[in-house]
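Proteins come first, then strands; the chains are lettered A, B, ... in the order of their sequence lines, and each starts at number 1. Because only heavy atoms are used, hydrogens play no part in the values below, and waters and symmetry mates are left out as well, while side chains stay in.
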Amino acid sequence: MEHKLRIYNTLTRTKQLFVPMNEPHVGMYVCGPTVYGDGHLGHARPAITFDVLFRYLTSLGYKVRYVRNITDVGHLEHDADDGEDKIAKKARLEEKEPMEVAQYYTNRYHKAMEALNVLPPSIEPHASGHIIEQIEFVKKILDAGYAYESQGSVYFDVKKYNKDHHYGKLSGRNIEDLLETTRDLDGQDEKRCALDFALWKCAQPEHIMRWPSPWSDGFPGWHMECSAMGTKYLGEEFDIHGGGMDLIFPHHECEIAQSTAALGKETVHYWMHNNMITINGKKMGKSLGNFITLDEFFTGSHKLLAQAYSPMTIRFFILQAHYRSTVDFSNEALQASEKGLERLSDAYARLMKITPAATTTVDVAGLREKCEEAMNDDLNTPIVISYFFDIAKAINTVSDGNGTISAADLEELKSLFQLYLIDILGLRLTASGDSNNDAFKGAVDLLLEIRKQAKANKDWATSDKIRNELAALGFNVKDTKDGFEWSI
RNA sequence: GGUCCUUUGGCCGAGUGGUUAGGUACCGGUCUGCAAAACCGUUUACAGCAGUUCGAAUCUGCUAGGGACCUCCA
């Protein structure tokens with residue numbers, strides 16, 4: 001595969017040329033959502049970031065197996081000292097079966113992802129469906145001597161592991177510092193060391209979600225699922241593991257420790273982490289209670305939202321920043337993205353209608369290479385987008401009759417829009433007058449033809465009535481030199 | 001307290017030691033019956049201080065502000 005894709009590896013803190021283990025195959029694992037609540041803007045970031053990576057790798061010719069899990073079990077509730085997990089807690093509150101709650105939010109997550117044009121992963125494993133694999137994984141760590149059983153639970157022996165390996169290599173910590181700053185948490189008395197984390201947790205009597213194991217009826221520790229499912233579907237070593245930056249410690253650090261302990265080698269070659277979305281400069285998240293769900297964005301039903309924002313506006317907004325930068329939410333920023341996307345959409349629609357000429361005033365040379373260069377530079381989507389704003393200006397100039405474009409250049413621009421904006425960035429560009437219903441389209445065109453006629457007769461009353469009534473129905477009518485454009 | 005990151009024009013955001021990022025907003029103009037769109041033009045920048053350099057927004061140090069992780073988190 002000929003390419004110069006360089007991606008930032010959190011492990012080495014440098015941009016590295018991407019070299020997969022088994023070309024043309026690429027294995028990629030990304031931490032998915034815990035399905036105990038509606039997805040919020042923060043969930044959209046990794047989904048979109050790694051969707052773009054998935055799409056880009058595919059466009060380069062790789063056969064990508066993309067695994068993104070559903071966490072429907074096992075994350076301990078911090079304030080629940082009885083070891084009750086998040087799904088179980090929510091289930092009891094709503095008096096529903098835990099799996100019913102998980103399914104409900106999984107469905108809603110899928111719906112939101114589809115709206116954002118996030119492609120489904122190749123495999124979407126559920127933690128609850130891989131309890132056996134997780135138990136086997138724990139056994140391997142026990143056999144290797146890096147874990148111990150205590151009162152029905154199994155803990156990872158961090159101190160022992162750290163003698164042979166470096167616990168903290170991903171997050172840039174060392175065990176001494178960690179020991180000083182670790183707080184007192186649940187189950188400390190069962191552990192040999194405060195840093196030890198649970199691989200298997202014995203369930204309290206009232207705990208509903210539980211599975212039998214050699215040690216107790218209980219549930220897997222919270223880092224276990226990704227290690228078990230990642231290696232099950234992608235092998236003991238694979239190329240890329242992604243997730244949000246807030247997962248670096250402890251989640252991904254523990255995953256490295258688990259794999260290294262159980263398999264004797266490191267599983268992941270490239271660790272990639274997207275940055276956070278902030279709101280008023282603070283991380284948007286569950287713990288701070290300052291998040292806005294995706295549905296609320298789509299409908300505008302949140303007090304902080306001045307209006308509804310379409311899924312594509314959200315996607316575009318996220319792609320206008322580099323994935324390793326924080327991006328700050330504000331109505332002003334969203335509105336700017338909305339307008340910008342509309343500009344690109346309109347330009348694309350005009351591009352499809354342009355008649356080529358013998359000469360060309362548009363410079364398309366090198367554009368493809370520049371876009372590729374930007375993507376190869378650790379997925380610099382904002383730069384790719386900026387090129388398309390330049391292209392949009394050129395298209396508008398030609399469309400206005402102040403320039404010309406040759407057939408070959410026209411085809412090149414169409415091809416670039418298709419490849420970069422539609423296929424790779426995954427933007428749905430709604431072309432003006434675009435509709436999947438010909439009868440409907442014809443009716444609107446007919447109305448606007450009548451308006452055109454009225455204008456020609458200087459019948460402004462009829463002309464404005466048609467425009468205003470259509471506007472009230474959600475149509476956006478734009479006059480052009482010798483006709484009209486419309487969109488919804 | 002420890003580790004790390006960040007500070008760019010009204011807003012959002014790229015970026016490289018020497019060249020206009022881009023979007024959006026504002027203002028002026030062209031076009032238009034009007035409006036929208038489009039096009040043209042103008043105005044706002046690199047937190048502060050010091051240093052390295054022929055030259056720094058870009059490198060170094062200090063100061064100040066903001067943030068992330070250290071606890072479930074995308």
Side-chain angles (χ1 to χ4, degrees), chain A residues 13 30-34 36 39-50 71 75-80 85-86 168 171-174 176-178 180-186 222 242-251 253 273-278 281-288 291 316-317 320-322 324-344 346-347 350 374 377 380-390 392-393 395-397 399-403 432 455 458-460 463-464 467-468 471 476-481 484-485:
Chain A
R13 283 148 212 270
V30 174
C31 292
T34 304
Y36 68 112
H40 58 73
L41 190 56
H43 291 99
R45 189 101 193 254
I48 290 170
T49 297
F50 293 104
T71 297
H75 280 230
L76 294 171
E77 188 84 290
H78 165 238
D79 56 346
D85 78 35
K86 284 182 173 176
S171 55
R173 291 155 212 266
N174 60 61
E176 291 78 19
D177 291 343
L178 285 167
E180 283 174 18
T181 57
T182 299
R183 305 181 191 183
D184 284 338
L185 290 173
D186 159 48
W222 26 294
M245 273 186 185
D246 50 351
L247 296 179
I248 292 174
F249 191 92
H251 186 53
E253 198 71 73
H273 293 95
N274 62 273
N275 214 320
M276 301 292 104
I277 287 181
T278 60
K282 292 259 197 318
K283 172 180 165 181
M284 182 182 283
K286 206 95 194 163
S287 46
L288 292 170
F291 63 93
F316 189 64
F317 171 65
Q320 270 189 299
H322 188 263
R324 283 191 292 114
S325 303
T326 57
V327 56
D328 198 54
F329 155 83
S330 71
N331 280 291
E332 232 179 328
L334 263 309
Q335 283 158 1
S337 288
E338 185 177 50
K339 294 278 288 190
L341 180 61
E342 190 189 338
R343 186 173 165 81
L344 291 181
D346 288 350
R350 287 176 194 129
D377 185 16
N380 201 331
T381 55
I383 292 293
V384 174
I385 289 170
S386 78
Y387 293 145
F388 278 87
F389 279 112
D390 294 340
K393 182 171 277 190
I395 290 171
N396 289 333
T397 302
S399 186
D400 279 354
N402 298 320
S432 181
K455 280 175 67 181
K458 298 200 189 302
D459 178 3
W460 310 131
S463 158
D464 287 352
R467 184 177 67 197
N468 296 340
N476 191 5
V477 176
K478 293 170 190 169
D479 287 346
T480 60
K481 266 210 166 80
F484 51 82
E485 290 177 355

Could you write out each protein N or O paired with an N or O of nucleotides 42-47 of chain B at a distance under 3.5 Å?
none

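- The same atom, C1', is picked in B:rC54 and in B:rC70; the two are 46 Å apart, to the nearest Å.
- At distances below 3.5 Å, at least one donor-acceptor pair connects side-chain atoms of A:Thr49 with backbone N or O atoms of A:Arg45.
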Atom pairs, N/O to N/O, protein against nucleotides 36-40 of chain B, distance under 3.5 Å?
from, atom 1, to, atom 2, distance (Å)
B:rA36, N1, A:Asp479, O, 3.0
B:rA37, OP1, A:Lys339, NZ, 3.3
B:rA37, O2', A:Arg350, NH2, 2.9
B:rA38, OP1, A:Arg343, NH1, 3.3
B:rA38, O3', A:Asn396, ND2, 3.1
B:rA38, O2', A:Asp400, OD2, 2.2
B:rC39, OP1, A:Arg343, NH2, 3.4
B:rC39, OP1, A:Asn396, ND2, 3.0
B:rC39, OP2, A:Arg343, NH1, 3.2

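- At a threshold of 4.0 angstrom between heavy atoms, the contacts of A:Ile277 include nucleobase atoms, whether or not backbone atoms are also involved.
- When all heavy atoms are compared, the tightest approach of A:Leu41 to A:Met284 is CB-SD, 3.5 Å.
- Atoms CG (A:Asp246) and P (B:rC70) sit 8 Å apart, rounded to a whole Å.
- Regarding A:Phe317, its CZ atom lies at a distance of 15 Å from the P atom of B:rU24, rounded to whole Å.
- Put simply, CZ on A:Phe317 and CG on A:Leu341 are 13.0 Å apart, with the number rounded to the nearest 0.5 Å.
- Shortest non-hydrogen contact noted between A:Met245 and A:Met276 is N-CE, 3.5 Å.
- Remark: RNA chain B takes part in the stems B:1-7 with B:64-70, B:10-12 with B:22-24, B:27-30 with B:38-41, B:47-51 with B:59-63, each of 3 or more antiparallel Watson-Crick or G-U pairs, criterion distances under 3.5 Å.
- Rounded to whole Å, the separation between the C1' atoms of B:rA68 and B:rG51 comes to 30 Å.
- Taking atom NE2 on A:His251 and atom C1' on B:rC73, their separation rounds to 11 Å, with Å as the unit.
- OP1 or OP2 of B:rG67 lies within a sub-4.0 Å distance of a side-chain N or O belonging to A:Lys282.
- Side chain of A:Asn402 to main chain of A:Thr397: no donor-acceptor pair is present (N/O by atom type, distance under 3.5 Å, no hydrogens or angles).
- A distance-only check finds no donor-acceptor pair linking the side chain of A:Gln320 to the backbone of A:Ser337 [under 3.5 Å].
- Contact annotation: A:Thr34 side-chain N/O to B:rA74 OP1/OP2 distance is under 4.0 Å.
- Of the candidates B:rC12, B:rG33, B:rC69, B:rC12 carries the atom nearest the A:Ser330 side chain, counting heavy atoms from C-beta on.
- Side-chain atoms of A:Ala336 lie closest to B:rU24 of the nucleotides B:rA74, B:rG2, B:rU24.
- The two atoms that bring A:Asn274 and A:Pro46 nearest to each other are OD1-CB, 3.2 Å, heavy atoms only.
- Considering only residues two or more places apart in sequence or on other chains, A:Lys478 meets the salt bridge (Lys or Arg N to Asp or Glu O under 4.0 Å) condition with A:Glu342, A:Asp346.
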*For A:Arg467 and A:Asp464, what are the C-alpha separation, side-chain angles and deciding distance, and is it a salt bridge (charged side-chain N to carboxylate O under 4.0 Å, His left out)?*
CA-CA 5 Å; A:Arg467 184 177 67 197; A:Asp464 287 352; 3.7 Å; yes
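- For A:Lys455 against A:Ser463, the heavy-atom pair with the smallest separation is CG-OG, 3.4 Å.
- Annotation: B:rA37 and B:rC27 have their P atoms spaced 13 Å apart (nearest Å).
- Nucleotides B:rC26 and B:rG9 have their C1' atoms positioned 12 Å apart, rounded to a whole Å.
- Atom-to-atom, CZ of A:Arg324 to C1' of B:rA68 comes out at 15 Å; the value is rounded to the nearest Å.
- Counting only distance, with no hydrogens or angles, the side chain of A:Asn174 and the backbone of A:Glu176 share a donor-acceptor pair below 3.5 Å.
- Within the 4.0 angstrom heavy-atom criterion, base atoms lie near A:Gly42.
- Heavy-atom nearest nucleotides on RNA chain B were determined for A:Gln335 and for A:Ser463, and the one closer to the 5' end corresponds to A:Gln335.
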Using the 3.5 Å cut-off, write out each protein N or O paired with an N or O of nucleotides 4-7 of chain B and the distance between them.
none

*Going 5' to 3' along nucleotides 15-22 of chain B, which nucleotides have protein heavy atoms under 4.0 Å from the base (write B), which only from the sugar-phosphate (write S), and which from neither (write -)?*
S-----BS
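- Atom CZ in A:Arg350 sits 4.5 Å away from atom CD in A:Glu485 (nearest 0.5 Å).
- Straight-line distance from the CE atom of A:Met276 to the P atom of B:rG13: 15 Å, rounded to whole Å.
- For the pair A:Gly281 and A:Gly340, nearest-nucleotide mapping onto RNA chain B gives the more 5' position to A:Gly340.
- Residue contacts for A:Asp464: at a heavy-atom cut-off of 4.0 Å it reaches a base atom on one of the strands shown.
- Nearest approach of A:Thr480 to A:Phe484, heavy atoms of both residues: OG1-N, 3.4 Å.
- As rounded to whole Å, 13 Å separates atom C1' of B:rA68 from atom CG of A:Leu247.
- Here the closest heavy-atom approach between residue A:Leu247 and residue A:Cys31 is recorded as CD1-CB, 3.7 Å.
- Although no hydrogens or angles enter the test, the distance criterion places a donor-acceptor pair under 3.5 Å between the side chain of A:Ser386 and the main chain of A:Ile383.
- Using a 4.0 Å heavy-atom distance criterion, A:Val327 is classed as a sugar-phosphate-only contact.
- B:rC46 and B:rA21: their P atoms are spaced 12 Å apart (whole Å).
- B:rC4 and B:rG18 have their P atoms separated by 29 Å, given to the nearest Å.
- Distance CE (A:Met245) to P (B:rC72): 20 Å, rounded to an integer number of Å.
- Side-chain proximity of A:Glu332 to B:rG13, B:rC69, B:rC11: nearest is B:rC11.
- Between A:Leu334 atom CG and A:Phe316 atom CZ the span is 12.0 Å, to the nearest 0.5 Å.
- When distances run from any side-chain atom of A:Arg467 to the nucleotides B:rG33, B:rA74, B:rA35, the shortest one goes to B:rA35.
- Counting heavy atoms from C-beta outward, A:Phe389 and A:Leu344 have side chains that approach closer than 4.5 Å.
- Comparing the P positions of B:rU71 and B:rU52 gives an interatomic distance of 44 Å, to the nearest angstrom.
- Nucleotides B:rC49 and B:rU43 have their P atoms positioned 25 Å apart, rounded to a whole Å.
- In this structure, A:Glu253 atom CD and B:rA68 atom P are separated by 20 Å, rounded to whole Å.
- Within 4.0 Å of A:Thr326, counting heavy atoms only, lie sugar-phosphate atoms of the nucleic acid but no base atom.
- Here A:Lys286 does not reach the OP1 or OP2 of B:rA74: none of its side-chain N or O atoms lies under 4.0 Å away.
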